[in-house]
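Any value given below was found using the heavy atoms of this structure, including those in side chains, with hydrogens, waters and symmetry copies removed. Whatever order the structure lists them in is the order used to number ligands and atoms, beginning at 1.
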Amino acid sequence: MRKVMYNQFGDESVLELIEQAVPSIQDDQLLIRVKAVSINPLDWKIYGGAMKLMSGTTFPKSVGIDFSGVVEQAGITVSRFKTGDAIIGLLDVFKGGALADYIVVKETDIAPKPTNLSFEEAAALPVTGLSALQIIDQLAKVGANQDVLINGATGGIGVFAVQIAKKRGARVTAVVSTKGVAEAKRWGADTVIDYTRQDSKLLGQTFDAVIDLSTKLSFTEAKNLMKRKAIFVSTLPSPLTLLHSFINNLFSGQKLTILILKPTVDGFNTLTHLAEAGLQIVLDKTYSFTNVREAYREARQGKLIGKSVIVLD
Ligand SMILES: NC(=O)c1ccc[n+]([C@@H]2O[C@H](COP(=O)([O-])OP(=O)(O)OC[C@H]3O[C@@H](n4cnc5c(N)ncnc54)[C@H](OP(=O)(O)O)[C@@H]3O)[C@@H](O)[C@H]2O)c1
């Protein structure tokens with residue numbers, strides 16, 4: 001079978017398509033025939049060496065976190081899935097390995113594929129969908145009639161965050177580049193700010209939650225946009241920001257919270273219900289397995305709407 005691996009940190013040129021034996025499974029594991037794998041900014045942060053503390057420095061390493069596929073074989077103690085089931089799933093973020101014809105997973109890594117989605121669309125759901133749910137429901141605790149600002153609203157997480165915040169009854173202001181203005185309106189944003197024309201830090205309005213998906217807005221800058229009691233969500237965990245958040249949150253009504261994605265079976269179930277109830281999945285581009293380097297290079301350059309997906313044939 002084919003698998004993408006790398007033996008040193010670097011840009012996309014380090015990614016190699018290699019041949020390997022199909023792995024075997026233990027009693028509590030499943031063998032998945034992978035159909036599609038989504039591209040996440042975490043991928044290039046890891047193979048670029050920016051997250052060595054978490055990923056470690058031993059090689060070879062693998063790429064690809066979330067995927068869709070079909071159960072090829074199920075171990076004898078597996079109870080929730082059987083051969084032939086269509087699934088979505090998510091591997092350990094820092095180990096990756098989904099970019100392969102076959103992968104081995106545990107039951108808790110996967111969920112049934114929403115029936116209304118293609119394999120390409122379904123692969124785009126796990127990392128960004130679960131992140132959006134965690135941000136809206138657990139970190140920002142978005143509720144009816146709240147004012148929410150989503151900075152970076154047309155990226156992978158943003159597409160879902162806008163739609164879920166609207167479902168929770170919030171008034172959503174989406175900050176996007178020019179290309180995304182019409183899209184963000186289409187997903188339900190009440191106000192859309194084009195950050196190439198207007199400085200979103202100077203809106204003169206305050207929000208109950210400010211969610212930064214761009215990594216360009218700091219907590220200090222965001223304070224001008226926050227009500228006296230409000231929440232800022234960052235997607236950049238580091239020992240320093242975690243310490244900052246702990247100390248800040250003891251004394252201030254303006255709270256700093258940081259996303260550390262924790263996939264759960266409940267989260268997967270909520271996501272499946274949302275998808276089957278019409279959550280829009282936005283695929284910017286799809287690539288074949290042999291164009292992996294090009295796929296990551298283009299995604300890393302940004303300016304995409306939604307997600308890019310690599311399709312295995
Ligand atoms: N901590 C965790 O557990 C965790 C989990 C998942 C993801 N993440 C991180 O969360 C972040 C968001 O993920 P994602 O998948 O949504 O990334 P993404 O698809 O790259 O989206 C980022 C968005 O930010 C926008 N942006 C860039 N510059 C901006 C600016 N100056 N002002 C406003 N918006 C700007 C981009 O729009 P344009 O391209 O149009 O400029 C893009 O839509 C990434 O850094 C990712 O690594 C963290």
Give the numbers and elements of all ligand 1 atoms closer than 4.0 Å to a heavy atom of Ser214. 24 (O), 26 (N), 29 (C), 33 (C), 34 (N), 35 (C)
Under 3.5 Å, N or O to N or O, is Leu261 touching ligand 1 that way? yes
Please answer whether the main-chain N or O of Gly97 pairs with a side-chain N or O of Ser62 as donor and acceptor at a distance below 3.5 Å. no
Sidechain N-carboxylate O distance under 4.0 Å for Glu294, Arg297: no
If you scan protein heavy atoms around atom 40 (O) of ligand 1, the nearest is Ser177 OG, 2.5 Å
Tell me, which protein residue and heavy-atom name are nearest atom 4 (C) of ligand 1, and how many Å apart are they? Leu259 CD2, 3.5 Å
Run the numbers for me: atoms of ligand 1, each under 4.0 Å from some heavy atom of Thr128, listed by number. 15 (O)
Please report the C-alpha distance between Leu274 and Phe160 in whole Å, then the side-chain angles of each, then the deciding distance to 0.1 Å, and finally whether the side chain to side chain contact (heavy atoms under 4.5 Å, CB included) criterion is met. CA-CA 10 Å; Leu274 286 170; Phe160 298 131; over 6 Å; no
Given the protein's heavy atoms, is any one of them under 4.0 Å from atom 36 (C) of ligand 1? no
Starting from atom 22 (C) of ligand 1, find the nearest protein heavy-atom neighbour and note its residue, name and distance. Leu213 O, 3.5 Å
Ionic contact status for Lys167 with Asp137, cut-off 4.0 Å: no
Of Ser131, Gly156, Ala153, the one whose closest heavy atom lies nearest atom 18 (P) of ligand 1 is Gly156
Just by distance, do the side chain of Lys35 and the backbone of Ala86 share a donor-acceptor pair under 3.5 Å? no
Between Leu217 and ligand 1, find which residue part has any heavy-atom pair under 4.0 Å and reply side chain, backbone, both or neither. neither
Identity and separation of the nearest protein heavy atom to atom 13 (O) of ligand 1: Ile157 CD1, 3.5 Å
When you compare the side chain of Leu125 with that of Leu279, does any pair of heavy atoms fall below 4.5 Å? yes
Parallel, tilted or perpendicular for Phe232 and Phe219, by the 30°/60° rule? tilted
Quick one: look at Lys307 and ligand 1, take heavy-atom pairs under 4.0 Å, and tell me if it's side chain, backbone, both or neither. neither
Passing candidate, side chain to side chain donor-acceptor pair (under 3.5 Å) with Asp190, options Lys166, Arg171, Lys185: Lys166
With heavy atoms and a 4.0 Å threshold, my read on which part of Lys216 contacts ligand 1 is side chain
Check if Lys303 has a non-hydrogen atom at a distance under 4.0 Å from any atom of ligand 1. yes
Enumerate the atoms of ligand 1 whose separation from the nearest heavy atom of Lys45 is less than 4.0 angstrom. 44 (C), 45 (O), 46 (C), 47 (O)
So, does Asp101 use its side chain to make a donor-acceptor pair with the main chain of Arg2 at under 3.5 Å? yes
Distance from atom 48 (C) of ligand 1 to nearest protein heavy atom, with residue and atom: Thr235 O, 3.4 Å
Show which atoms of ligand 1 fall inside a sub-4.0 Å distance from at least one heavy-atom site of Thr154. 43 (O)
Could you check whether Asp11 pairs with Arg300 (Lys NZ or Arg NE/NH1/NH2 to Asp/Glu carboxylate O, under 4.0 Å)? no
Run the numbers for me: atoms of ligand 1, each under 4.0 Å from some heavy atom of Ile260, listed by number. 3 (O)
For atom 41 (O) of ligand 1, the closest protein heavy atom turns out to be Tyr195 OH, 2.4 Å
Which residue and atom name correspond to the protein heavy atom nearest atom 25 (C) of ligand 1, and how close is it? Gly152 CA, 3.7 Å
Any nitrogen or oxygen of Val127 lying under 3.5 Å from a nitrogen or oxygen in ligand 1? Just yes or no. no
State whether Asp284 and Lys307 are salt-bridged, where the test is any N-O pair (Lys NZ or Arg NE/NH1/NH2 against Asp/Glu carboxylate O) under 4.0 Å. no
Taking 4.0 angstrom as the limit and counting only heavy atoms of Pro237, give me the atoms of ligand 1 inside it, by number and element. 1 (N)
Got Val71 and Ile32 here, is their nearest side-chain heavy-atom distance under 4.5 Å? yes
Does a salt bridge link Lys82 with Asp85, judged by any charged N lying under 4.0 Å from a carboxylate O? yes
Kindly identify the option in Ser234, Ala174, Pro41, Gly155 whose heavy atom sits closest to atom 20 (O) of ligand 1. Pro41
Using the rule side-chain contact (heavy atoms from CB on, under 4.5 Å), only one of Leu42, Val93, Val127, Leu130 pairs with Asp66; which is it? Val127
Which ligand 1 atoms, with their elements, are less than 4.0 angstrom from a heavy-atom of Asn151? 32 (N), 33 (C)
Could you list the atoms of ligand 1 found under 4.0 angstrom from a heavy atom of Thr215? 45 (O)
